[in-house]
Each structure stands twice: as C-alpha cells, then as structure tokens.
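What you see is a predicted model; the values in this text were computed from it and never measured. In what follows, chains are A, B, ... by sequence order, proteins preceding strands, each numbered from 1.
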Amino acid sequence: MDPDSMAFIFLQAFLINNLVLALFLGLCPFVGVSAKLETAFPMGLAVVCVMLVASLCAFGINILLVYFNIEYLRLICYIAVIASAVQLVEMTIKKFSPKLFRMLGIYLPLITTNCAILGMALFQTFDEYSITQSLAYSLGAGAGFMLALVLMAGLRERLELANVPDACTSAAIAMMLAGMLSMAFMGFAGLGG
Amino acid sequence: MPSEPSHIELRTSPHMRDTANVAMIMRNVVYALLPVCAYSVYQFGVSALALLVVCTIVCVGTEQLFCALSGKQSTTGDWSAVITGLLLALTLPPAFPLWMAAVAAFFGLAVGKLFFGGIGYNVMNPALVGRAFAQAAFTVPMTTWTPAMAPGRFTEFIPSTLTRPFMTPAPVNEWLGRVAADGFTGATPLALMKFEQVSTDAVQLLTGSVMGSAGETSALLIFLCGLYLIFRKMMNWRITFSILLSAYLLSGLFYLINPDVYPDPMFTILAGGLMLGAVFMATDMVASPETNRGIWIYGALIGVLTVIIRLFGGLNEGVMYAILLGNAASPLITRISQPRIHGATRKETTAS
C-alpha cells in the first residue's frame, strides 16, 4: 500500500501504531474510564472529537509558527488548543447529557492533559502531513483510542464477577490486561507495509 | 394389595442428568491432544518430548504454587493446567530452548489465568498468552525451525534445546548440516508462500511432513482429534467451522483475484497453525462468546484476521494474534449478540 495514502495513514494510526496499545500514550484515561462500557464509549467519542478539532487547529497554527519562525512555541500552543477543544466538548456534554457528565467526572477535563492527543498533534507535525492526511491521521488515532477503550471496557466488565486475587485488583489487573491486549496488537505490526 | 408408594424427588433446578463436569471435560481434551502430542514426538523426537514435559510440569507447578501461596485449595485436579502446558508446547518450535519454554509457560499460566482468578475467569487463552509473550521476548528462537523426521531424532537433542537458563541458544547450523538435506532453507510452508510464492502440496500439509511448530504440522490428525471432542459434545463445533469457513472464503476471494500472488484457500486452512488454533485454541470455553450467534461472529473475526495478517502483515503467521484479538472482543460480541427477549421491543432489550 502507498505509505502516503489516506487509507494507509488511517490504518497505521488505528491499528499498527495504536496510540494506547503500541505507543503507550494516554494510559491514564485508558485505565481510569475503561471500567464500564457506558462510560468508555462516550469517552472514546469525546476523544475522537477533541482529536479532530485539535488536529485541524494544530495544522493551522503550525503554518503560522513556521511562518514567523517561532516553532519553539509549538508545545504550549498545542496544549492551549487542546484545552479549548476539551472545553467545547465538555460544555456540549454538560448541556446534553448531565448524567454522562457526572459519570465521566474528572476524566473529561483531564482529556486536556491526555498525552495521546498532544502526541497525535506532534506526530502529524513531525511527519509533515497535509491537511487531508492530518484529518485521516487524527480520525485513525481517535478511532484507535476508542477501540482500545471499548475492548478494554468489555473485558473489565467481565472481570467484575471474577475471583481476582487481592494483590491484583483494579488498576493492577487493568495494567495486566492492557499488556495482554498490547501483545495481541503486535500481530498488526507491518500490516499493509 | 397396595403397592409401595413411589417417591417423587423434589429438587430445585438445574436438573442435571449428565455427569459431565469440568475435570471430566478437561480430561477428555487431554485425551484428544495426546495423539497430536505423540505424532509431534514421532516427528521431532526427544526435543519435542522434552518440550511437552517441561511445559506441562511448569504449568501444573505454577498452579500448585499459586494455590498454596494464596491459601486456596489446589485446583490442579481439574486438568486445565495440563491442557495449557500441552497446547503451549505444541505451538512452540521443536528446537525451542527448554528454559525459555518454562518462562513462557509460567507467564502464560500466571498472568493469563491465575491473576484473573483461575479457571473460568481467564479472558484470553493462557497458552496463547504464553506464546505471545515468548514471541515478543525471544523472537529469534521462536522463528528457528528445524526439519521434521530428522535422522537420529530419538537419540539426541537438537543442540538449542538444552541451552542453560538465561543463555543464548546454541547455533543449530552445524547440527542442521548433518541431519538436513541439501538446500534446506529453514522456511515453513507459510514463509515460503509469503516470501517466494511457493505453495506446498496439500498431501504434505495433511500428513505433516513439513516444518513448523511441534504440534501444528499435521492438519488431518488435529482435525480428527477435534472430531472426537465434537462427537462427545465437549467442544462447540461452530467455532472451528466458522473459523475455517471464513478463512477459506476470504482467501478464496483473494485467490480468485490473483492466483499468482495469493495462496489457494486449501493451503490457507491446512498450513501453519490455523487447524490447531481453530480446533484447540479458539474453542476455549471461557474466552469465547456465550451465545451461538456470537460464536459465528467470533469465528468469522478470527478467520478474517488470520487471513489478513498472513497476506498483508509483516508476519507470515497470524493465527495466534487473531485468536487473542477474538478473545479480547468476545465480551463485546456476547453483549451485542444477546437474543431478543420475546415480546420486548429493541430498546427494552438493550436496556435490561
């Protein structure tokens, strides 16, 4: 497959270099919100929205930064953009689904500091993607995050009834599950290449 | 003369008439695995035997140790640790160093099963967790293949088998030079297909006179052993059938598109570990979906992923990863494939 094609970039971000399971970014919300499917799925959607907005803005801002030769401001600009995108999503969710807003709790504003999103914005800049490529990349990265979250939530819901030893409960077993999922995702290495 | 009053036995459900229990089913799975093990020992000699013994002992020992440490009653009597050990050994290359196999067996059973609460709670097949761990940790030994039916296989070990713990395995080149025929490349049928587009004869694949992991070479034997379990109703035939069918159909489609590049569908389902995976691995009762409708989806997912990883991935074998991903998705599949409650509308069903 052509490495510059949009389909390949999407696939790359979605499965092969899955932000959570291959690059280990954004593990905090991944472990925090994946206990239940009914929070994991909306959280995934929220991250996809923020990623799309952040990716577009980051693309625009990067052009300005390069034009004025002030690339060292990149990190702080991106964080500001992500924070405002999160505010947008937060206000929308609060308005339309207060219940969901309460369920997501601190993890919703915490998307701001989700390194998966910052990572996505920085990767697309370093890889010098065009605007359409950036869109494909952010969509793939967001969908990959959602996939990891939803798979994890399904498994953890099943574990609620399991007889897990005391030493391995909650976050410990979640990290182990994440590791096993990550090993399973190694099968996608080199796909399409 | 009034007859003896007959008794009516009053009991609560379940009214079980069958004597099948976990230990009995697991024991039967072990019986079904024994011919495969025996054949693999016949093909690969003492190295395969040592591999089987070490993996089984480590698995059972791990479970025993864990039960002792956590103060629980020992659960080794249910035979499931034996199955994990045998299955793991069957998926490893025959020349795999024994200490690495022991590490993989320990990891698979401890992390894949015991940390989740033991039998009935594992989310993925423990044997495959062990194998995936070995694949990630010991990549080179995991892809070093040795020929089947080597002369002298019953009297001497393959040099790499007896590597001391934490040492790199001894090179097998010198040994290969003695036992292998000229022009031996060390490529499995799948690797030959992927990198050189050379297909292997179906008869060879059926009888297993080819290279590969210790137990995955004879597709026919594995299938027959699976039939035994199916007839004893100890295995859900839908899993095996749907995996093989979906793999056959998808690879058939690619074969029709371009027969020069893609393998023919028969090759796909006979070569490599697909048969072993479809019969013994994916049928793990705990890690597969609960509904029959879900099982069709699960099987199709595994078959499709296997073909995609084999044809388009960087690896030439994808059965293990496909099954692990299928296991990971199975709670979700169970959830979406719940039968509709009779009389309920769609919304009520999902809400309950």
Side-chain angles (χ1 to χ4, degrees), chain A residues 1 7-8 11-12 14-18 20-22 34-38 40-41 44 144 146-193, chain B residues 66-67 69-72 107-108 110-112 114-126 128-137 139 286-287 289-290 305-306 308-336:
Chain A
M1 223 188 280
F8 183 70
L11 195 70
Q12 175 93 7
F14 182 49
L15 295 176
I16 305 165
N17 284 335
N18 188 299
V20 183
L21 296 175
S34 61
K36 283 222 173 329
L37 202 58
E38 52 182 341
F41 187 69
M146 196 155 101
L147 177 73
L149 211 55
V150 167
L151 278 180
M152 185 76 172
L155 291 174
R156 282 184 74 180
E157 279 196 348
R158 232 193 72 172
L159 281 183
E160 268 176 20
L161 299 174
N163 192 5
V164 178
D166 290 345
C168 317
T169 43
S170 60
I173 202 80
M175 291 312 270
M176 251 160 324
L177 259 184
M180 281 160 62
L181 267 182
S182 171
M183 285 201 299
F185 264 64
M186 283 173 68
F188 291 122
L191 199 67
Chain B
F66 191 86
C67 289
L69 284 180
S70 58
K72 282 194 288 188
F107 185 90
V111 176
L114 296 174
F115 284 4
F116 291 92
I119 186 169
Y121 300 114
N122 55 306
V123 293
M124 293 177 187
N125 187 324
L128 286 181
V129 172
R131 189 184 197 272
F133 174 76
Q135 179 96 51
T139 316
V286 188
E290 289 155 25
L305 280 175
T306 303
I308 288 180
I309 293 176
R310 273 189 188 176
L311 296 185
F312 305 107
L315 307 160
N316 51 43
E317 178 60 305
V319 177
M320 166 178 73
Y321 295 114
I323 295 175
L324 285 175
L325 291 165
N327 288 161
S330 69
L332 293 177
I333 296 175
T334 305
R335 201 182 162 101
I336 60 166

Of the non-hydrogen atoms in [X] and [Y], which two are nearest, and what is the gap between them?
X: Gly187(A); Y: Ile309(B); result: O-CG2, 3.6 Å
X: Leu151(A); Y: Ala328(B); result: CD2-O, 3.8 Å
X: Gly117(B); Y: Pro165(A); result: N-CD, 4.1 Å
X: Met183(A); Y: Tyr321(B); result: O-CE2, 3.2 Å
X: Gly154(A); Y: Pro331(B); result: O-CB, 3.4 Å

Review point. Should Gln135(B) and Met186(A) be marked as a side-chain contact (heavy atoms from CB on, under 4.5 Å) after you check the CA-CA gap, both sets of side-chain angles, and the distance that decides it?
Key: CA-CA 10 Å; Gln135(B) 179 96 51; Met186(A) 283 173 68; 5.7 Å; no

**Study point:** Qualifying residues under ring pair (Phe, Tyr, Trp, His ring centres under 6.0 Å), relative to Phe116(B), sequence neighbours excluded
**Key:** none

Practice item. Would you check if Leu177(A) and Phe115(B) make a side-chain contact, meaning some heavy-atom pair closer than 4.5 Å? Key: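 They are not in side-chain contact.
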
Point to revise | Side-chain heavy-atom pair Leu324(B), Phe185(A) within 4.5 angstrom cut-off | key: no

By a 4.5 Å heavy-atom criterion (distance strictly below it), what part of [X] contacts chain A: side chain, backbone, both, or neither?
X: Val286(B); answer: both
X: Ile308(B); answer: both
X: Ala287(B); answer: backbone
X: Phe133(B); answer: both

Review point. So, does Arg158(A) use its side chain to make a donor-acceptor pair with the main chain of Asn122(B) at under 3.5 Å?
Key: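 It does hold such a pair.
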
**Study point:** Which atoms of Leu37(A) approach chain B - backbone, side chain, both or neither, heavy atom under 4.5 Å
**Key:**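 For Leu37(A), the contact with chain B is made by the side chain alone.
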
Practice item. Go through the atoms of Leu155(A) and report whether side chain, backbone, both or neither lie under 4.5 Å from a heavy atom of chain B. Key: both

**Study point:** Val164(A) and Tyr121(B): CA distance, side-chain angles, deciding distance, side-chain contact (heavy atoms from CB on, under 4.5 Å) verdict
**Key:** CA-CA 8 Å; Val164(A) 178; Tyr121(B) 300 114; over 6 Å; no

**Study point:** Distance (rounded to the nearest 0.5 Å) between Asn327(B) CG and Met180(A) CE
**Key:**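 Asn327(B) CG to Met180(A) CE: 8.5 Å, rounded to 0.5 Å.
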
